[in-house]
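In the text below, chain A, chain B and the rest are named by the order of the sequence lines, each starting its count at 1.
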Amino acid sequence: MLSILLWLPLVFGIVALLVPAARAWVPALAGTALTLVLAAVVAVGFDPGDPGRYAESVSWIPELGISYSLAIDGLSVFLVLLTALAWVPAVAFAASRNAGDGRERLFYFMLLLGETATLGAFLASDLILFVLFFDLMIVPFYFLFGLWGRTRDGATAGGATTKMIIYTLVGSLLMLVAAVAVGFSAEEVSGKPISYSIPELIARGIGESDQYWLFWLFALAFFIKMPLFPFNGWMPDAYRVAPLPALAVFSAVLSKVGAYGFLRVVLPVMPDAAELFQTAILIFAVVSIIYGSAIAFTKIDLRMIIGFSSVAQLGFITLGIFALDETGANGALFQMINHGLVVVPAILIVGLIAERTGSEDLGPMGGLAKNAPIFAVIFLIVTMATLAIPGSPNFIGEFLILNGTFQVSVAIAIVASVGVALAAYYALRMYQRTMQNPLPPGSDSREISLRDALIIVPMVLVLVILAFAPQIVLGETGDAVSAVVEKVGQLG
Amino acid sequence: MTFQPPEIDYWALSPVIALVFGLALTVVLAVAGRLARIAPAAAILSMVVAGGLLIGQWGESKDVIGGTLELDGLSITFSLLILLAGIVAVLFSLGDPAAREAGRPDFLALLLGSVLGMVLLTQANNLVTFFIALELFSIPLYALCGTDLRREDSLESGLKYLIIGSLGSATLLFGMAFVYGASGATGFEQIADGLSSSDLLGDPIILTGVGLVTVGLAFKVSLAPFHQWTPDVYQGAPTAVTAFMAVATKLAGFAVFARFFLTALEPLADEWDVILAAIAAISIVVGNLGAISQDSLKRMLGYSGIAQAGYMVGGIVVASTEGVEALSFYLAAYLALNLGTFAVLVVREQRDGSDDSIESLRGIGRRDRALAWPITIGMLGLIGLPPTVGFLGKLYLITALVDGGWTWLGILIVLGSMASLAYYLRVVGTVWSGETESPGHAPGPSSRLLGLIVGVGIVFAVLSIGFGILPDPLYDFAAQAGEAIGSLPG
Amino acid sequence: MTTASWAWLVLLFPLLGSMVIAFGFRRLPDRTAGIIGSTAIGLAFIAGIGTLLGLLSEPSESRHVASSLWEYAGVGDLRVDLGIFVDPLAVFMVLVVTGVSFLIHVYSTAYMESDQGYSRFFSYLNFFVFSMLLLVLAGNFVLLIIGWAFVGFASYALISFWYRRTTATAAGMKAFVINVVGDIGLVLAAILIFRELGVLDYEAVFDAAPKVFSTDQWTVVAICLLLLVGAFAKSAQLPFHTWLADAMEGPTPVSSLIHAATMVTAGVYLVARTWPLFELAPAAANVAAIVGVVTLLVAGTIALVVTDLKRIIAYSTMSQIGYMFLAVGIGAYSAGMFHLMTHAFFKALLFMAAGSIIAVMANDQNIDRMRGLGKALPFTAAMLVIGSLALSGFPFTSGWFSKDEILDFALYRGGWYTILAIAGYVGAFMTALYAFRIVFRILPGRPCPEAEELIETGHVAHGEAVNPANGQPEDYEVGYPGKEHHIAEQSPGMRFGMLPLGVLALIAGFLQVPGVTEVVTKFLEPTFEGSSLAAIHPPVSKAWLGLLNGGVIAVVGIAFAWVFWVRRPAIPGSLRQKFHPLYELFVHKWYFDELIHAVIVRPVLAFGDFCNRVVEPFVVGGIVTGTTSLVRSAGALVRDLQSGMIRAYASLMVVGAIAVVLFLLLRGG
Amino acid sequence: MSIEWYLVLAALLFAIGAGGILVRRNPVVILLCLELMLSAGALAILSFSRMLGDGDGQVFVLIVLVVAACEVVVGLGLVVAMFRRRIPLDVDETTELRG
């Protein structure tokens, strides 16, 4: 079942390669929609009681103990659903703007390859398989950003994307060595033949002295992927250049794999290291919250604002994870889903704004709400969710995270809550400078078209539903997350 | 002292005999006027027969000619790969102007001679056969490099390769003398017994011997700091020869490197493993840095060959069966990826008459998919990105290294492949972006032959991805080599 | 229908009203939005009455009902339900909020008649009432915070209702950010409560608190102070008050509803609701009282000098809420709530009257240009006078009873509370002064041109309105009450809205006649039973004495006003010259705006700029460009080494060989 | 005489050969020096074989001489080809391939 879910997008991607270019978006959209349905079926069928329900495992490279094993549990069920959900509007948006100028087939193939790789990262329950998908994820986006990305003056975007791929691959290749070393350290500790299945690794645990340097290799790879403060060098160029549909899914889902990696691999397998470096990582996270928010409200380029607000949000999520407390970790996982739900519509809205005002800089903009009330309301809901207004699911995420962080250190929690205030400022500034104030001559404020509404509204609807009953998610993820955090807790 | 002839196992020797027969035939055809046209077919036929005979003896392990040659898993695996490289090299050379100028049969004769030397080298189990086979495969190559008389660099590359090559061989010979002196025997097993029995572990003679042999072999597989000939010779030599050299010299070199170091010098393992690791480290650094802003593709592949050799020698540093398995798997992967890339290069040169600069590849992604994909997959594989076989090759190497306690070298391999991103991706970037000018048609060979070479490129690309996803068949093929060196731990 | 279901209905109607208007805004025939909006609030009021009756039918000690729909968020031992808590305090607030809002809705159906954003206005207004009711009825701290934030969002939406005016959007932004700061205070308080007590529901918290905390233990004081941060931000107390003056950018009905009657009282309700915590932390309660008094005085002084009509009333609101904080700070909860109610009546009335006056003056709010409106607007003038009388605490008006009850309580508490009481009386004098400064400046005397035109032609003057703050022309297309303006005299809706409030402003005081009809105290008694402070009742004689001197001060204040602005108008000018620095201080609103800008806003922006210009390119970029340039230069070195000279290669090879052998010899030997 | 002397001579020969390659510029002389180095190796093997009293060394030396001859032949062939193509027979000139 999980294998079908995993390889479905790629199959449709290949179909998209064979179909005539003009029609390439049909299989792509069908593929993503079907994947969404399948993911929903899995999510519904999933019950925290017996996690092994959908597990699959077949040995791939027996000599090294690597197996192609997939599984789904509390940690990954909603992230898989988020991935499937995020890709549908992205492909629909691309189709409606017939992206891919001339090379549509390759464009959709790469987009769907990206989906398969991301799903693989979430579903993999074998460490090397996880690393493999983690590496594979970046390749399609290298092509998507490199070939279809356009810099401001329309030139193709070679340089920016090479920097991105080198940066992210540096992390993931280092993680490859760390993953191999984890396998051996576990074998050494337990004496059993080498195996990379994550539950097995968690059961065996690894030598304490190894944990310390391995922890930082994993942490580096995940920090670069999110990205967090010092490692976001690649982000501004990549965001400035990327085509919007690809950027939407890239920013919404790929950054989550980094955070998810901590919960899935780092915390359970290296609990001592997590405990030891907890404060260091918390400081990392808080710095990037403040830094991300501070930059977000100085930038005038809409993409940069969203990019750096993601840096701040990911800082929050890391804060929750490394609070090493039940409420904190649950809050972090919930926040991952919320952030994903908010970023996709936000980036697509940037596209709509760009179409209406001809530019993506805040300077000359304003007044778009004049005769576009529905567009204004949708953007208002997204903005309010971005700044995590109490009442939005993001608030519950942030409340839980702050709650967890409070147990660890009050000072860090208070500094993080300053981040919330800054978030209010930059999110509202973005909304006001585009929607309100007088309409400059250049831009026309036309209402959102039915087609665009159909693309964006479903995700906003999910946000609203979660606003009323976040328990839908929290109920399911509860015990999987607590199991992870308890393992670290026992050492304390 | 009566002379007893050494018992010769003709069945085991049959592949060598087939090659000798092929060599002889091509030499005869060279003077047979009209018949010269069938020389390529004859060469390929002889290699195919030799390959068949080798496969026939799959899994066996027996002495040939009284212990001086050893036909076992290692030699069979590596010889098959060498023959494959040879056949592909012949295909490449058919359209090559240099080959036609030098007279096709003579070119092929030299090629076959070199292939014969390499196959013998994989089987060498005695210092003497080791030296003969080494020289047999190097000297024809010196000549081959100089065959493209049209271009001055070709002669220069030939001369450079000869002078530096002979210097390497002389050092190797001097080293062998000391090893022979210290251990009292020329057969690898006897050397090993000689070394472990007598207490001359710290003895300077054997150490100088080992040092000099290491230098000689390191030169052969173009490891730093003995690498300087590689970029110049790769660029100067005709493309077909460069392709053959890039892959085959490493195959043969590492075969004898593994056999000699892991059987003969095995007792001194903890002496020479550190220096080998150091050489590996230097090669990785020098190879990657050198390749960064190269304009000529062949020269860049030269430097990348140095770096890849650095990765491979890791398999020997670990001195374990797992290490040799990883080494042979990586070499097989290296062959597939490199020959795929060279196929594209050959077609571009012979069909479109473009020079070997990276810039000449600009934009073929948009116009010429059949060429764009093989070189893209080749590059991604050489970096070690999933889902190519390169990823798994690096994975096996790193696993062997980490298991053998050489984790820092594993990390260095990863750092090296990170740096390699810069130049491999540059090629991929140029292939897929920008517009290309219309391809001029050089008076190249028939389109049927070009189609064949493009087919070779595509086959290697498909293999690279196929084995990247299902590595088991290739792994079993490579594991053969590991078991051959039975005496090793792990 | 149980009390709980009535309470859920109270919540449901405004939300329903808001949704219906929002989704149907294109298909609804014009102006029906107002009717839907008003009926929704009316129904909510009736449901409120239903809840009240349901509650009263219970015996007094079990007069609280908690009911929840489903579990909102449950993780580990943190359990939060979507639950409400109905008790006399909550019902009292519901009735005040729905009652006043209903009247204001009716008033705005007329006032906003010609505004383009008519239905959008009512949708926001209904949503505001819904969020206020959610805040009041919330059963646990998380739902309280959600209500709190929705109210903040609704006030942002309504302040920047005419979103084409840059001053309005800037005011909206300022209000929202300060409100978020308040939210954060509440969030941190909620987290501290959860950390210490493990629960978040009111009932559970209030009976666990005394067991866990000892009086003035730092945690409970911290919790209360954080709650106060939220309260002060919402109720515009020092130092979070700067947004209130700018909030006057919004339409007048908004000012009257939000910035007079309902939203700004949320802080007082919060302190009253969490009285057990504040009783455990007397230090925090005293802070509340002191800040209340200081705000009261500061606001009073500013109201004396400001010339913009709506801003004077806004500062008077700030000062009156200061009284309420004083009340709940020193434990006079029922007195504080009573003053909250009466203040809601007369302040809403004053704003409505101001709305009508501004309409006449063609949107010019500067009182210097208003003369002799008494004759032009008889009804509005009457309402203005009634409102001012109640505001200044003229004997027998509602203001008199409620304000002085607070001050009596303070006096009765004795000790240093008497200083607060005295400051309160000074404030009362100033209130009377500025209340009647308005009355005597704009009603009597020769009618100004606009008044003249209204008297003869009976039609309201209107000119090309220009935004006074930045001179931008108003964009009628999207709102800014359209070309025609509406005054109470000519539109029954406004009159219907103002009249009941006028009556209530006068007679509401009799609800709480000391010793006679202590209706409010008795009604709120179950909520505050168990509170030591609430049990103190100053003797009736002391109460009447307090009322007496309160009344005297009010009359003296009015007399002073009469002297200043009617008998000898020169005096204010001379006073201004004599106390010029003092006047400058007051006019610039005690330089709070500049202070906050300098202390908080500029450093934050500078930090952002620093990160953007310095850290981003060097630190973050540095890591990337640093490594790439290093690699590139190393590459160049390797390439230069490759000189092409055979002899160079040979020499490197020989050197290499020697190095290898030496290495082996040294190491192996 | 003990074997050390032979080894010293072999090492000397080797060093002279290597020195010759580094110093001289004419490829023919370089080929000569290569011959010298190979013969140094042969001498070492011979002296060891004599020390060990084992015949393999001598067979080895014979083969080495043959191989050395082949090398020189190919070397001279290349030199002649370069001479005919007017390429200056000076090792320092042939630096087309570099960088």
Which bit of [X] is near chain C, if near means a heavy-atom gap under 4.5 Å: side chain, backbone, both or neither?
X: B:I275; value: both
X: B:I163; value: side chain
X: B:V285; value: neither
X: B:N288; value: neither

message: For a side chain to side chain contact (heavy atoms under 4.5 Å, CB included) check, start with the C-alpha distance between B:L167 and C:Y649, then their side-chain angles and the critical distance, and finish with the verdict.
response: CA-CA 11 Å; B:L167 181 64; C:Y649 299 170; over 6 Å; no

Qualifying residue, where the test is side chain to side chain contact (heavy atoms under 4.5 Å, CB included) with C:I646 and the options are B:Q228, B:E156, B:K160: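 Going through the options one by one, the only one that passes is B:K160.
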
task: Identify which one of C:V661, C:L662, C:L664 satisfies the side chain to side chain contact (heavy atoms under 4.5 Å, CB included) criterion when paired with B:T208.
output: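 In the set C:V661, C:L662, C:L664, the residue that makes a side chain to side chain contact (heavy atoms under 4.5 Å, CB included) with B:T208 is C:V661.
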
Heavy-atom pairs under 4.5 Å with chain B, option from C:A636, C:A650, C:A659 with the top count: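 Result: the option with the highest number of such pairs is C:A650.
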
Side chains of [X] and [Y]: closer than 4.5 Å at any heavy-atom pair?
X: B:Y303; Y: C:V638; result: yes
X: B:V274; Y: C:F663; result: yes
X: B:L289; Y: C:L637; result: no

message: Show the nearest heavy-atom pair for residues C:G656 and B:P225, with the distance to one decimal.
response: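 That closest heavy-atom pairing would be CA-CG, 4.4 Å.
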
- prompt: Which atoms form the tightest heavy-atom contact between C:M653 and B:F226, and what is the distance?
  reply: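 Where C:M653 meets B:F226 most closely, the heavy atoms are O-CE2, 3.8 Å.
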
query: Checking heavy atoms, do the side chain of C:A648, its backbone, both or neither come under 4.5 Å from chain B?
result: backbone

